[in-house]
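Single-structure report; data block below.
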Protein chains: 2
Amino acid sequence: MSVKYILLGILSWNPSSGYEIKKEVEHKGRELGWGKISYGSIYPKLKELEKDGFIYCYEAQENGRLNKVYDLTKQGWDELQIWLSELPSYPVIRDELLMKLSFWKPSFLTYNNQLINHLEKRKEESLQMLDHLKEWETNEVSMITDVAALSMDYLKLQLNTEIEWIDQTIPRLHENTLTPSKDPNNLLDKALVRKEKMNGQ
Amino acid sequence: MSVKYILLGILSWNPSSGYEIKKEVEHKGRELGWGKISYGSIYPKLKELEKDGFIYCYEAQENGRLNKVYDLTKQGWDELQIWLSELPSYPVIRDELLMKLSFWKPSFLTYNNQLINHLEKRKEESLQMLDHLKEWETNEVSMITDVAALSMDYLKLQLNTEIEWIDQTIPRLHENTLTPSKDPNNLLDKALVRKEKMNGQ
DNA sequence: TTTACCATGTAAAATGTTACATGATTAG
DNA sequence: CTAATCATGTAACATTTTACATGGTAAA
């Protein structure tokens, strides 16, 4: 259902075509908690929202060419407002780096230098995100409302926290100074045995 | 595809039934970046992984009853190891709170006290998450490997950062001391006009 | 004129959830 | 005996991505 509100939200900023919506999401989506979106989602959903009376469509001349531009109807503005006023659900995180950390095994399965690569890549990408946010704050075209600026503050704080964590963690992996595993039921030893047994077959 | 690796990862900790896997994900999933999972995902995927030779199944007596327990084959251990060694993709965030902040409009559409409710609810839920993490670190049953402890450190840092951000933000909303909107193309004024026009119809 | 980008769309596949059916065991 | 929990499963639905088709416009 969230594609619906991404579309309504972006159209509330500015009347747009499907193509422009995609570009907007690509530019700001990751930062603003929208995720990604594809044409296969956008165009059918625009049709559906039009049919349901939340948006309407008109043809507009843009750089010497007729495009289909969508804008909110009264019903669309109302729908957006209602959604904004409803309590947001707690986010579900699906982070492959955290997944891999949580399934990482001592030396019998994996190596710390691979893990360090993972962390260094993550740091680079997060630094890029920070640059992108700063560009966005200082350029001469992007609108940032007072409230949207709060979410950008939030992201900068989270990204800086993440980078600090990586900077503390990599040396600990090099020096092998991690907190020892806690394993009251000896699952790690048992896992090693199970794995060895399979190797034999 | 990520359900596959959640199942392989959990089975690497301990041989389990579908039912036990669900409970494990419910207990730790949100924290460890796995997201949620349903029986409709688990049982068919276990069959598929068995058919593909990554896991095998045996019946085991557990609390006076025969259950279907799965464990990794050699091929399953290898598959998990390969996946762990591959660079993780950057996470896609889909956070309704951030979405709503980014689409929040000045008074003509929304009210700050609703926003404060949203933030207070988020803070409460994040405090609960912190409690849950602490319980998990100190109880006498959960295994936490040295590397998994890193991801728990990460999560605690992020949750604390979030709570601090909320604690700074709520007073700013009460006192109306937000950074003013940046709007070089006057989109906000134009949006107000577009909305009023629709109201008339 | 050809390459790159602008722009709209669809069919099929992938992925996952919801809601239900079914029955065993256990605790009160 | 009955409610709760344990346990396995499936069919229908919802959502979204992938891969493709199609053609216009602009710049080199």
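Heavy atoms only: backbone and side chains are in, while hydrogens, waters and symmetry mates are out.
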**Message:** Both E20(B) and R94(B) contact DNA chain D. Taking the nearest nucleotide for each, which residue is further toward the 5' end?
**Reply:** E20(B)

**Pairwise 5' ranking along DNA chain D for K23(B) and P44(B), keeping only the more 5' one** = K23(B)

Whole angstrom is fine here: how far is it from [atom1] in [X] over to [atom2] in [N]?
X      : N       : atom1 : atom2 : value
I21(B) : dA7(D)  : CD1   : C1'   : 13 Å
Y5(B)  : dT15(C) : OH    : P     : 11 Å
I37(A) : dT16(D) : CD1   : P     : 8 Å
Y19(A) : dG23(D) : OH    : C1'   : 14 Å
K22(B) : dT5(D)  : NZ    : P     : 14 Å
L46(B) : dA7(D)  : CG    : P     : 14 Å
L66(A) : dC6(C)  : CG    : C1'   : 14 Å
K45(B) : dT8(D)  : NZ    : P     : 19 Å

**Message:** I want to verify a distance call: between dG16(C), dA7(D), dT17(C), whose nearest atom is closest to the N67(B) side chain?
**Reply:** dA7(D)

**Of the listed nucleotides dG16(C), dC6(D), dA7(C), the one nearest the side chain of R65(A)** = dA7(C)

Are [X] and [N] close enough that a side-chain N or O sits under 4.0 Å from OP1 or OP2?
X      : N       : result
Y43(B) : dT8(D)  : yes
S38(A) : dT18(D) : no
S17(A) : dA7(C)  : no
K68(A) : dG9(C)  : yes
Y39(A) : dT8(C)  : no

**side chain to side chain contact (heavy atoms under 4.5 Å, CB included) assessment of K105(B) paired with W13(A)** = CA-CA 9 Å; K105(B) 292 287 183 307; W13(A) 285 356; 3.6 Å; yes

**Asked** Under 4.0 angstrom, heavy atoms only, what part of the nucleic acid is G18(B) near: base, sugar-phosphate, or nothing?
**Response** sugar-phosphate

**Request:** Quick one: label K47(B) by what it contacts on the DNA or RNA (base, sugar-phosphate, nothing), any heavy atom closer than 4.0 Å.
**Result:** sugar-phosphate

**Asked** Are E137(A) and K134(A) ion-paired here, with the side-chain N under 4.0 Å from a carboxylate O?
**Response** no

**Charged N-O contact under 4.0 Å between E48(A) and K45(A)** = yes

In a table with atom names and distances, give each donor-acceptor pair under 3.5 Å that connects a side chain of residues 78-102 of chain A to protein atoms at least two apart or in another chain.
from, atom 1, to, atom 2, distance (Å)
D78(A), OD1, K74(A), NZ, 3.3
D78(A), OD2, K74(A), NZ, 2.9
E79(A), OE2, K4(A), NZ, 2.8
E79(A), OE2, Y5(A), OH, 3.4
Q81(A), NE2, L109(B), O, 2.6
S85(A), OG, I82(A), O, 2.8
Y90(A), OH, S126(B), OG, 2.8
R94(A), NH1, S2(B), OG, 2.4
R94(A), NH1, W34(B), O, 3.4
R94(A), NH2, W34(B), O, 3.4
R94(A), NH2, K36(B), O, 3.0
D95(A), OD1, L97(A), N, 2.9
D95(A), OD1, R122(A), NH2, 2.6
D95(A), OD2, R122(A), NH1, 3.2
D95(A), OD2, R122(A), NH2, 3.3
E96(A), OE1, S89(B), N, 3.2
K100(A), NZ, W83(B), O, 2.7
K100(A), NZ, E86(B), O, 2.6
S102(A), OG, L98(A), O, 3.2
S102(A), OG, M99(A), O, 2.8
S102(A), OG, W34(B), NE1, 3.2

**Asked** Tell me, which pairs form a salt bridge (charged side-chain N to carboxylate O under 4.0 Å, His left out) where one or both residues lie in residues 184-201 of chain A, sequence neighbours left out?
**Response** R194(A)-D71(B)

